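This one's a predicted model, so the numbers in the text were calculated from it and none came from an experiment. Order of the sequence lines sets the chain letters (A, B, ...), proteins ahead of strands, with each chain counted from 1.
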2 protein chains.
Amino acid sequence: MVCLDRGKRLSSIYFFEEGNATERMRLGGKGANLCEMTRLGLPVPPGFILTTDVCNAFLSSGKLEDGIIHEVGKAMTRLEEKTGKEFGSATNPLLVSVRSGAAVSMPGMMDTILNLGLNENTVKGLASSTRDEGFALDAYRRFVQLFGRIVLGVEEDRFTEVLEARNTLTRRTGSQDDGDPDDLRYLVEDFKELCESTTGSPFPEDPLIQLRMAIAAVFRSWNGKRCVDYRKQFGITPDIADGTAVNVVAMVFGNLGKESGTGVLFTRNPSTGEKALYGEFLMNAQGEDIVAGIRTPKPIENLQNEMPESYGLLKDLAARLERHYKEPQDIEFTIERGKLFLLQTRNAKMNAFAQMRSSVDMTAEGLIDESSALLRIMPQQLEQLLHRTIDPRAGVKPITRGIGAAPGVSSGRAVFDADRAEKEGKAGQKVILVREETKPEDIHGFFAAEGILTSRGGKTSHAAVVARGMGKPCVCGAGDLQIDQKARKLSIAGMTIGEGEIISIDGTTGDVFFGEIPTLDPEIGDELVTILSWADNYRRMGIRANTDTPEDASVALEMGAEGIGLCRTERMFNAQDRLPMMVEMIVARNHESRARALERLLPLQRKDFIEIFRVMKGLPVTIRLLDPPMHEFLPNLERLQDEIHALRVNEQSTEEIDEKMILLHDVERLSEVNPMLGHRGVRIGITTPEVYEMQLRAICEAIAELVREGLEVKPQVMVPQVASEKELEVVARMLDKIRLQVEKEKSTKIPLKLGSMMEVVRSCLIAGKIAKVAEFFSFGTNDLTQGTFSFSREDAENKFLPEYLRIGVINRNPFQTLDPEGVGKLMRFSIRDGRKTRKDLEIGICGEHGGDPESIELCEELGLDYVSCSAFRIPIAKLAAAQASIRKSRSNLDINKRQGVR
Amino acid sequence: MVCLDRGKRLSSIYFFEEGNATERMRLGGKGANLCEMTRLGLPVPPGFILTTDVCNAFLSSGKLEDGIIHEVGKAMTRLEEKTGKEFGSATNPLLVSVRSGAAVSMPGMMDTILNLGLNENTVKGLASSTRDEGFALDAYRRFVQLFGRIVLGVEEDRFTEVLEARNTLTRRTGSQDDGDPDDLRYLVEDFKELCESTTGSPFPEDPLIQLRMAIAAVFRSWNGKRCVDYRKQFGITPDIADGTAVNVVAMVFGNLGKESGTGVLFTRNPSTGEKALYGEFLMNAQGEDIVAGIRTPKPIENLQNEMPESYGLLKDLAARLERHYKEPQDIEFTIERGKLFLLQTRNAKMNAFAQMRSSVDMTAEGLIDESSALLRIMPQQLEQLLHRTIDPRAGVKPITRGIGAAPGVSSGRAVFDADRAEKEGKAGQKVILVREETKPEDIHGFFAAEGILTSRGGKTSHAAVVARGMGKPCVCGAGDLQIDQKARKLSIAGMTIGEGEIISIDGTTGDVFFGEIPTLDPEIGDELVTILSWADNYRRMGIRANTDTPEDASVALEMGAEGIGLCRTERMFNAQDRLPMMVEMIVARNHESRARALERLLPLQRKDFIEIFRVMKGLPVTIRLLDPPMHEFLPNLERLQDEIHALRVNEQSTEEIDEKMILLHDVERLSEVNPMLGHRGVRIGITTPEVYEMQLRAICEAIAELVREGLEVKPQVMVPQVASEKELEVVARMLDKIRLQVEKEKSTKIPLKLGSMMEVVRSCLIAGKIAKVAEFFSFGTNDLTQGTFSFSREDAENKFLPEYLRIGVINRNPFQTLDPEGVGKLMRFSIRDGRKTRKDLEIGICGEHGGDPESIELCEELGLDYVSCSAFRIPIAKLAAAQASIRKSRSNLDINKRQGVR
């Protein structure tokens with residue numbers, strides 16, 4: 001059969017000498033690499049590949065087409081010629097392995113059948129050609145078992161039962177040797193009978209029929225549950241791998257006596273990155289014996305003593321492959337009676353540290369250049385290096401698993417409310433704040449806690465966002481936990497943990513543990529420093545931090561922030577000592593009492609800003625004016641109702657009840673149907689100008705103080721929720737007035753930029769007008785995504801996004817990774833339109849996406865000036881930004897090449 | 001002074017012969033028309049105009065520039081030459097009136113000073129030149145009083161006190177004649193003293209100073225509170241009128257004896273439109289005497305007997321003016337000793353009916369053509385004709401005023417919940433449903449009620465939207481009403497109205513009345529039929545109705561709908577007998593129980609569709625699949641909590657409590673943080689496919705039944721909340737499958753189109769992809785506006801939109817009138833992108849904006865195929881669509897003309 005694709009006739013079957021490493025989409029990773037090795041002249045057993053197109057045709061029609069069957073027959077004839085053996089021969093039989101191999105490696109997910117071609121006739125031929133009857137029968141036994149299980153669907157346990165029955169019998173008959181040919185012969189017969197009784201048909205004897213059935217089974221395994229789940233789990237969509245190829249390879253045997261063996265090796269240590277062969281081998285064994293763990297393999301170094309010639313050759317070939325692929329390789333080999341064969345090579349999977357070290361080493365060795373060194377590290381991997389991890393040697397088992405929402409590991413006493421967390425934290429206790437979900441009023445608990453655990457909410461819940469911002473580990477949505485806030489305990493599967501008992505969480509994996517667990521310190525070594533310094537050279541975009549307090553600002557600086565891209569002033573109001581003033585301000589009945597409350601907040605805000613400016617030493621600090629709706633600062637409605645109820649039951653003073661009733665009324669008055677789209681941001685700034693006036697004054701006075709001290713400051717004031725340039729004009733006028741006043745009062749100039757959050761769809765649509773007033777843009781992509789999709793973040797992640805992702809209606813959670821088609825289009829438009837109005841418009845992003853590598857790539861493509869993310873993601877963002885720059889310049893280079901530009 | 005504008009030197013002062021009617025922005029409406037009449041050679045007293053530029057310069061500097069004062073002096077000299085009189089002369093003095101006049105008429109809002117130029121000297125001159133000392137002194141008295149009040153700010157009451165004191169004195173001294181010169185002389189002195197004692201300065205004697213002060217006062221009145229409020233109320237923004245002009249006009253006197261008089265007249269009757277002079281006059285009087293109502297004016301016809309010559313001339317001039325302006329005119333005239341002067345002409349303000357009748361008549365008379373006839377009717381005015389109105393003769397006073405949210409008048413017994421409304425309604429009672437606000441679960445109450453009254457919510461609240469859809473009068477947000485749902489009463493200002501007492505509402509004005517009020521039937525006469533038939537000829541866009549039931553569909557057809565643009569299926573589930581099944585479906589724990597509930601809903605849905613298709617007789621019927629979030633069908637959380645509490649207190653059976661508790665849990669589980677952005681629309685269709693499957697099956701089966709009967713059907717299925725083409729693909733596959741099944745079952749073809757609501761921003765951004773699946777688009781501009789602005793409708797209208805509109809951050813409520821810059825840009829983009837993919841893509845709008853004339857104009861500009869609105873707005877939409885077409889083709893004509901295209 002041939003497939004027609006873009007007018008080019010593509011073959012369905014490739015011999016290894018016909019393909020190369022670039023064709024992995026159609027040949028699969030394994031097949032493409034076998035081709036590549038064959039072309040390099042390396043010792044690879046001959047074989048051929050059925051492409052993924054054949055797989056997809058099979059999966060849609062449900063059968064192998066006659067044309068394909070015919071071609072497979074022809075290929076087998078060619079393989080016979082290459083090997084000098086004959087498929088089905090009773091004297092010198094050709095045996096093959098039938099191996100799966102998709103475009104990306106999915107270890108253990110699909111099936112492999114070895115020794116195919118054996119039957120009652122050929123097993124005799126194998127015995128005679130190898131002069132080893134025991135070996136031949138053992139190979140036959142292995143084949144029947146594998147084929148029976150994989151192709152015929154006989155359960156593995158049934159084979160074990162038969163084997164045990166036979167062993168009992170054998171022992172009873174006094175036979176001691178497992179390899180006794182007669183025993184094996186009986187066993188094979190038993191296995192074949194088992195297959196026949198299970199399937200109702202005799203075990204197939206015709207090798208060509210065996211082959212067809214095996215190919216079909218491997219194709220079928222692509223849509224097996226195990227495999228589908230794996231693809232879902234790892235986001236392997238059809239653009240990444242679409243069906244599996246099948247490799248039909250002439251068998252070579254590592255179990256043909258003492259001169260034979262098999263093994264795997266890495267060209268560098270996958271845990272440490274050290275440049276030294278790393279791996280293990282077994283003499284007189286087949287590959288599956290290593291996996292099965294029945295015999296203990298030996299370290300690869302030992303091979304040097306046992307088979308120095310093979311070892312030398314292997315070492316050379318390994319080095320050659322690494323040089324060729326410019327990546328550490330993970331190689332499978334077999335030695336058949338002294339002759340070395342390579343069965344597979346692929347890029348080695350390494351942990352973050354090893355990946356980084358090998359990047360640095362290979363660059364030093366001249367194998368790759370700095371930009372390639374940067375490109376081979378997955379930015380997300382760095383996270384492993386930046387947080388404490390659980391010591392894997394401890395072998396502790398979690399009590400449940402939630403969503404790993406903010407990475408790192410921490411242990412502490414479980415506490416069930418923020419006040420208690422703060423109290424115990426101040427008393428020097430380590431605590432984990434445990435709640436069903438968190439609210440802004442819990443913020444002081446966050447400051448005090450080592451980590452956060454909730455039973456509700458996802459990666460973008462309040463708890464997750466705040467914890468990430470603070471760099472504290474957080475596990476969210478651990479739905480199996482029954483958290484009883486009132487009784488101050490949590491229970492799970494019959495186990496109850498009370499307040500004060502120690503628990504641990506791993507915010508990377510989402511695991512929750514009872515008790516303290518042993519952890520490892522983060523390893524920030526020279527390699528990371530080197531990698532980040534290279535990244536700094538290659539990236540075009542600046543990296544700023546989302547951070548709200550002087551303490552966090554210090555951490556951000558340490559992590560390499562080049563400024564603050566988002567300083568949320570509302571967090572400052574949430575502090576325990578300030579919230580009452582804020583509440584007083586909100587519920588104020590008249591201008592005077594509001595002004596009084598704001599007057600008390602002003603010096604506190606000023607102090608915040610002064611400290612942050614001081615820490616940031618002249619780097620840009622972008623302050624966002626108050627954003628959330630007022631009612632977020634007020635107590636929860638239901639809790640308030642409960643409190644009033646309780647006061648009534650206890651017949652408390654009516655005064656206290658009245659006070660609460662008034663507050664309740666305010667809470668009701670300020671409550672909203674859709675708070676995300678409600679009275680917030682600049683809308684508050686316009687309807688209750690006193691609030692913004694206070695904030696602007698605090699900022700101006702803080703600047704004035706530092707300027708008078710002779711310090712440099714680069715403050716930027718950012719207005720949230722802007723939908724119309726007129727809103728921004730109102731704030732600009734307010735700022736001008738206050739700035740002039742303060743300049744007069746303090747006799748100093750106040751340097752200051754005013755900019756707009758771009759988080760409302762409309763602001764993007766009229767960006768040119770916004771840019772007339774705004775000196776900079778900062779994309780608030782959380783809200784922008786919300787408005788673009790009409791998805792409320794919390795509701796979407798709790799209700800329908802999981803299903804959307806499962807069935808592929810969308811491929812990425814748009815709250816984690818920027819949606820290039822929708823949100824990206826709005827951004828692109830507003831960048832173009834904004835810069836048309838103001839050429840030097842500074843444009844950044846301060847949404848959660850600012851720390852997501854894929855989103856950072858889009859930001860580079862769009863030409864943003866900087867990304868801003870939580871302090872702990874800065875190294876990740878730096879690397880991602882560097883990679884984006886490199887990829888962009890490479891693709892420009894490609895375009896230029898194609899257009900003949902030098 | 002001269003103003004430089006676009007390189008052209010513009011004069012600050014225009015004599016009437018120097019301007020024309022096109023310059024109303026600078027000359028004001030009154031001035032421009034005086035110029036026009038002067039140029040036509042009509043008898044207008046000479047005079048000149050200070051432009052609005054002068055006004056704005058005055059308002060920003062706070063004073064009249066020297067240059068202007070100089071020019072005014074020169075203009076007065078010229079006026080002296082024209083009149084042959086002298087300003088300040090003691091023998092033949094020139095007197096002037098100083099009149100305001102902005103670009104649009106703002107009746108009574110700004111000030112006019114008459115007889116300016118009088119002082120102790122000139123009053124003698126006036127007496128001698130008119131040979132009437134009494135007249136001269138009376139003119140003087142009037143002047144001092146007017147000038148004192150308007151320019152010097154003396155309260156009117158103070159003049160009245162002085163007048164009364166003087167009258168008492170006069171009576172005591174035996175003088176009986178009010179016109180006695182001595183009395184008048186004393187009165188003038190008293191008035192002047194009053195002015196001096198109030199202001200601390202003597203009354204100005206210098207006529208030029210009087211003039212300057214009067215001009216300044218008129219300019220100042222533009223920014224007076226009264227005037228500012230008026231502009232706000234009627235949306236008069238600076239692009240419509242920017243400052244007032246001042247007209248300085250030589251005085252003519254209607255009170256110079258029996259040969260003098262003054263009056264106003266309309267060229268056609270402003271109430272009936274009848275072509276006949278309509279107006280009134282007073283002999284020997286000044287204009288203000290008519291307004292003051294001291295003497296009763298006579299009908300204008302009487303003038304024919306009293307002054308046949310003047311009457312004849314007036315009639316000719318009136319006809320000439322109407323012919324000239326091609327609009328019925330509202331004319332002020334004065335006859336001074338037999339000589340007729342026209343003091344003002346403007347387009348007559350008429351009620352809707354008169355406007356329409358005059359349109360039809362003037363077209364028949366050949367004065368205007370059909371398109372001009374259509375253009376002169378404000379579409380909104382038609383609303384008056386389509387609903388009952390309060391009989392103005394009854395003179396009833398409202399108890400409060402809310403927001404007129406759905407037009408029309410109705411009376412009925414006040415009832416405080418939907419169940420009661422339904423019960424009483426079925427029993428034949430007329431009821432008004434009174435609630436703080438309504439919810440979807442109140443829908444059966446709407447059906448039963450004559451009208452709806454709420455104390456909360458605005459024009460786009462649930463109550464308003466539903467009531468408008470049903471064509472029932474509705475008054476919303478009557479915030480002064482204290483509605484006590486539990487006690488079943490409402491109270492206002494000490495008055496209490498209990499359940500069952502009669503109230504009335506006027507949904508046009510927002511007025512609420514106690515008791516029944518006399519009303520007038522709507523007058524749908526031949527004129528409206530004529531106008532609408534013309535509109536049908538001129539409009540390009542189709543007009544469809546938003547309607548959900550067969551009954552409403554009939555009404556829509558009667559109103560002239562050309563199809564249904566939005567049939568909301570969720571309303572069908574809200575019916576009292578169906579809601580329980582819906583709730584059962586929603587809370588179903590497994591597929592089986594859900595399927596059971598849906599099976600019972602299926603035949604009901606099918607019946608709905610069959611009936612609607614039957615009514616619509618082959619016209620397009622656009623059915624929207626289920627849209628709102630599931631929890632909207634469930635009982636209110638708080639009410640449920642209350643119920644459980646009550647059950648517990650009353651120690652009811654635990655079974656009942658348990659049942660409610662389970663429901664409570666479901667309500668909590670399904671509740672959302674931002675329901676507008678939550679789990680709704682196609683998101684439900686994808687996560688709970690059974691619901692859409694049932695609906696699609698009901699639609700297909702309904703179509704099959706009608707097709708088998710040989711009836712024509714044009715069904716269109718519309719998917720709500722689409723954000724990605726993949727969502728639409730899922731529904732398309734679902735539909736294909738069900739359609740095939742039903743076609744097989746019923747052995748008939750099922751004609752059907754599938755389309756997408758365009759109400760999510762992202763759908764507009766990827767419209768090209770959506771159009772690959774969608775055969776039509778329908779803009780859901782309510783949600784689209786919400787997503788574009790990030791404004792939640794309810795929250796915005798209750799919290800910050802009023803302030804935004806007040807200070808002009810936005811100029812129109814975007815939920816009432818489409819935002820052309822933001823939402824319009826998205827629409828424009830998606831229309832272009834969608835039609836690029838699918839040339840014959842049908843595009844309509846079904847949001848509330850579909851019935852708003854200004855929005856309809858934008859829809860025409862964007863090239864939409866149709867607009868869909870509530871049935872009762874169809875005539876309005878038709879007229880608006882016709883006007884939009886006409887304006888568009890006229891402006892194209894203009895462009896072509898300019899480009900020399902014939």
Engaged part of B:Val809 at the chain A interface, taking heavy atoms whose separation is under 4.5 Å: both
Answer key: most heavy-atom pairs under 4.5 Å with chain A among B:Gly808, B:Gly678, B:Pro802, B:Pro675 is B:Pro675
Under 4.5 Å, counting heavy-atom pairs only, tell me which of A:Gly787, A:Gly681, A:Ala796, A:Cys764 racks up the most with chain B. A:Gly787
Pairs of heavy atoms under 4.5 Å with chain B: top-ranked of A:Val823, A:Leu765, A:Ile684: A:Leu765
Distance-only donor-acceptor pairs under 3.5 Å across chain B and chain A:
residue  : atom : partner  : partner atom : Å
B:Arg669 : O    : A:Lys799 : NZ           : 3.4
B:Ser671 : O    : A:Lys799 : NZ           : 2.9
B:Val673 : N    : A:Asp795 : OD1          : 3.0
B:Val673 : N    : A:Asp795 : OD2          : 3.4
B:Asn674 : N    : A:Asp795 : OD2          : 2.9
B:Asn674 : OD1  : A:Met676 : N            : 2.9
B:Asn674 : ND2  : A:Ser792 : OG           : 3.2
B:Met676 : N    : A:Asn674 : OD1          : 2.9
B:Leu677 : O    : A:Ser792 : N            : 2.7
B:Arg683 : NH1  : A:Ser790 : O            : 3.1
B:Arg683 : NH2  : A:Phe789 : O            : 3.4
B:Arg683 : NH2  : A:Ser790 : O            : 3.1
B:Glu727 : OE2  : A:Tyr804 : OH           : 2.6
B:Arg762 : N    : A:Thr788 : O            : 2.7
B:Arg762 : NE   : A:Asp819 : OD1          : 3.4
B:Arg762 : NE   : A:Asp819 : OD2          : 2.8
B:Arg762 : NH2  : A:Asp819 : OD1          : 2.8
B:Arg762 : NH2  : A:Glu821 : OE1          : 3.4
B:Leu765 : O    : A:Lys825 : NZ           : 2.6
B:Lys769 : NZ   : A:Glu821 : OE2          : 2.4
B:Thr788 : O    : A:Arg762 : N            : 2.7
B:Phe789 : O    : A:Arg683 : NH2          : 3.4
B:Ser790 : O    : A:Arg683 : NH1          : 3.1
B:Ser790 : O    : A:Arg683 : NH2          : 3.1
B:Ser792 : N    : A:Leu677 : O            : 2.7
B:Ser792 : OG   : A:Asn674 : ND2          : 3.2
B:Asp795 : OD1  : A:Val673 : N            : 3.0
B:Asp795 : OD2  : A:Val673 : N            : 3.4
B:Asp795 : OD2  : A:Asn674 : N            : 2.9
B:Lys799 : NZ   : A:Arg669 : O            : 3.4
B:Lys799 : NZ   : A:Ser671 : O            : 2.9
B:Tyr804 : OH   : A:Glu727 : OE2          : 2.6
B:Asp819 : OD1  : A:Arg762 : NE           : 3.4
B:Asp819 : OD1  : A:Arg762 : NH2          : 2.8
B:Asp819 : OD2  : A:Arg762 : NE           : 2.8
B:Glu821 : OE1  : A:Arg762 : NH2          : 3.4
B:Glu821 : OE2  : A:Lys769 : NZ           : 2.5
B:Lys825 : NZ   : A:Leu765 : O            : 2.5

Would you give the length of the straight line joining atom CD1 of A:Ile807 to atom CD1 of B:Ile686, rounded to the nearest 0.5 angstrom? 5.0 Å
Heavy-atom contact with chain A under 4.5 Å, split by part of B:Val722: neither
Show the nearest heavy-atom pair for residues A:Phe789 and B:Ala723, with the distance to one decimal. O-CB, 4.1 Å
Quick check on A:Val730 against chain B: is it the side chain, the backbone, both or neither that has a heavy atom closer than 4.5 Å? side chain
